[in-house]
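Proteins get letters first, then strands, A, B, ... in listed order; numbering begins at 1 in each. Just so you know, these numbers come straight off a predicted model, no measurement behind them.
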Protein chains: 2
Amino acid sequence: MSNASVFAALGDATRLKLVSRLQSGRHLSIAQLTRGLELTRQGVSKHLHVLEQAGLVSSKRVGRETRFRLRPDRIVRARDYLTRAAAQWDEAVERLKAAVEG
Amino acid sequence: MSNASVFAALGDATRLKLVSRLQSGRHLSIAQLTRGLELTRQGVSKHLHVLEQAGLVSSKRVGRETRFRLRPDRIVRARDYLTRAAAQWDEAVERLKAAVEG
DNA sequence: ACATCATGCAACCCTTTGGTTGCATGATTG
DNA sequence: CAATCATGCAACCAAAGGGTTGCATGATGT
């Protein structure tokens, strides 16, 4: 829920790949998402639940499979946090420069 | 250096606070950064080295203290990654909508 | 010189994490 | 109904993470 947990969820190469795969906008099953990732289905499943816990994806049971889709609102939230962080740093540095010259 | 490692570095509440504290643009010592964070100086030191390893901050020895400052280029890089991720998802969803209607 | 301050390094500890295997269960297909 | 497919759950394991304490060292202040 916090910004830190969202960044933590993105801080793993496998999970970044999963997010990347879900950028297609489609609902993908665990088996589909496992394809091409050199680890077990259960490993992928665990990663997906981490992403879901952080609010980055949502899941829906469809027949015998569980489909995951991206929920980009949290991604946008994290992006805005970084945008503000960089902007505040810029402003602070400008103020410091001015103070040194003055 | 990878995006994943930058996100991982940001994925901890203490380290986010350190980044926030460094948004002032100033060079701060470990002792200064420890103030107000309820944990040991060595704990803070470890976190700072994680941030430095990820390229988010840089350090410089000044007399008997080690000063850290923000290096926002990596932050901007991470922000751009998230911006592109959200944009690609948007486009893909639009294409899917069009395909369903067609 | 001496006391103090800021730090680094190493050892240690407990918890979390990333990964696996084995088995049970509910849906699908033939 | 039988076989198979997709998944969940639990146990387990090694490695990494976050934290501490103790000690050594180099810089500062008196």
Side-chain angles (χ1 to χ4, degrees), chain A residues 1-22 24 26-70 74 78, chain B residues 1-22 24 26-70 74 78:
Chain A
M1 318 300 180
S2 67
N3 274 324
S5 65
V6 171
F7 288 133
L10 293 172
D12 177 279
T14 301
R15 289 196 290 267
L16 267 192
K17 283 184 189 172
L18 288 171
V19 166
S20 157
R21 184 93 50 107
L22 287 170
S24 68
R26 294 184 303 177
H27 290 55
L28 299 178
S29 73
I30 298 179
Q32 287 175 321
L33 287 166
T34 302
R35 289 240 159 181
L37 290 186
E38 298 179 354
L39 85 155
T40 319
R41 170 185 60 86
Q42 284 85 345
V44 174
S45 182
K46 280 195 178 182
H47 281 301
L48 286 169
H49 284 103
V50 171
L51 288 172
E52 187 171 30
Q53 193 67 20
L56 289 167
V57 318
S58 68
S59 65
K60 181 176 63 169
R61 192 84 195 225
V62 175
R64 65 181 162 186
E65 54 191 16
T66 302
R67 303 254 185 85
F68 286 82
R69 79 185 208 291
L70 209 58
R74 297 278 175 187
Chain B
M1 313 303 184
S2 68
N3 275 324
S5 64
V6 171
F7 289 133
L10 293 172
D12 176 278
T14 300
R15 288 196 291 269
L16 268 193
K17 283 184 188 172
L18 288 171
V19 166
S20 158
R21 184 93 49 109
L22 288 170
S24 68
R26 294 185 304 177
H27 289 55
L28 298 179
S29 73
I30 298 179
Q32 287 174 323
L33 287 166
T34 301
R35 290 237 160 181
L37 289 187
E38 299 179 355
L39 86 154
T40 319
R41 170 185 60 87
Q42 284 84 346
V44 174
S45 182
K46 278 195 181 183
H47 281 300
L48 286 169
H49 284 102
V50 171
L51 288 171
E52 187 171 29
Q53 193 66 21
L56 290 168
V57 330
S58 68
S59 66
K60 180 176 64 169
R61 192 84 195 227
V62 175
R64 64 183 162 187
E65 52 189 17
T66 303
R67 303 255 185 86
F68 285 81
R69 77 185 209 291
L70 210 59
R74 297 279 175 187

Item to check | Side-chain (B:Ser29) to main-chain (B:Gln32) donor-acceptor, under 3.5 angstrom | outcome: yes
Item to check | Check: A:Ser5 main-chain N/O paired with A:Ser2 side-chain donor or acceptor under 3.5 Å | outcome: yes
Checklist outcome for this item: Scanning both residues in full, the closest heavy-atom pair of B:Phe7 with B:Ala78 reads CE2-CB, 3.8 Å
Checklist entry - First contact, last contact: which nucleotides of DNA chain D are these for chain B, 5' to 3', heavy-atom distance under 4.0 Å? => result D:dG18 to D:dT28
Item to check | Partner of A:Leu56 under side chain to side chain contact (heavy atoms under 4.5 Å, CB included), chosen from A:Leu22, A:Leu51, A:Val50 | outcome: A:Leu51
Checklist entry - How many Å lie between CG on A:Leu18 and P on C:dG19, as a whole number? => result 10 Å
Item to check | Touch class at under 4.0 angstrom, heavy-atom based, for A:Thr66 against every strand present | outcome: sugar-phosphate
Checklist entry - Has A:Thr40 got a side-chain N or O lying under 4.0 Å from the OP1 or OP2 atom of C:dG19? => result no
Checklist entry - So, A:Thr34 side chain and A:Ile30 main chain: donor-acceptor pair closer than 3.5 Å or not? => result yes
Next on the checklist: Counting the atoms with a prime plus P, OP1 and OP2 as sugar-phosphate, which does B:Gly63 contact under 4.0 Å by heavy atoms, base, sugar-phosphate, or nothing?
Outcome noted: sugar-phosphate
Checklist entry - Nucleotide by nucleotide, 5' to 3', does protein get under 4.0 Å of the base (B), only the sugar-phosphate (S), or neither (-) in nucleotides 11-18 of chain C, counting heavy atoms? => result -------S
Checklist entry - Of A:Phe68 and B:Arg64, whose closest DNA chain D nucleotide lies nearer the 5' terminus? => result A:Phe68
Next on the checklist: For A:Arg61 and A:Gln42, find the nucleotide of DNA chain C closest to each by heavy atoms; which residue's nucleotide sits nearer the 5' end?
Outcome noted: A:Gln42
Checklist entry - Should the ring pair A:His49 and A:Phe68 be called parallel, tilted or perpendicular, given that the plane angle runs from 0 to 90° and is split at 30 and 60? => result perpendicular
Next on the checklist: For B:Leu37 and B:Arg21: C-alpha separation, side-chain torsions, deciding distance, then whether side chain to side chain contact (heavy atoms under 4.5 Å, CB included) applies.
Outcome noted: CA-CA 11 Å; B:Leu37 289 187; B:Arg21 184 93 49 109; 4.1 Å; yes
Item to check | Heavy-atom pair of closest approach, residues A:Thr66 and A:Ser59 | outcome: CG2-CB, 3.9 Å
Checklist entry - How would you label the contact of B:Arg41 with the nucleic acid (heavy atoms, under 4.0 Å): base, sugar-phosphate, or nothing? => result base
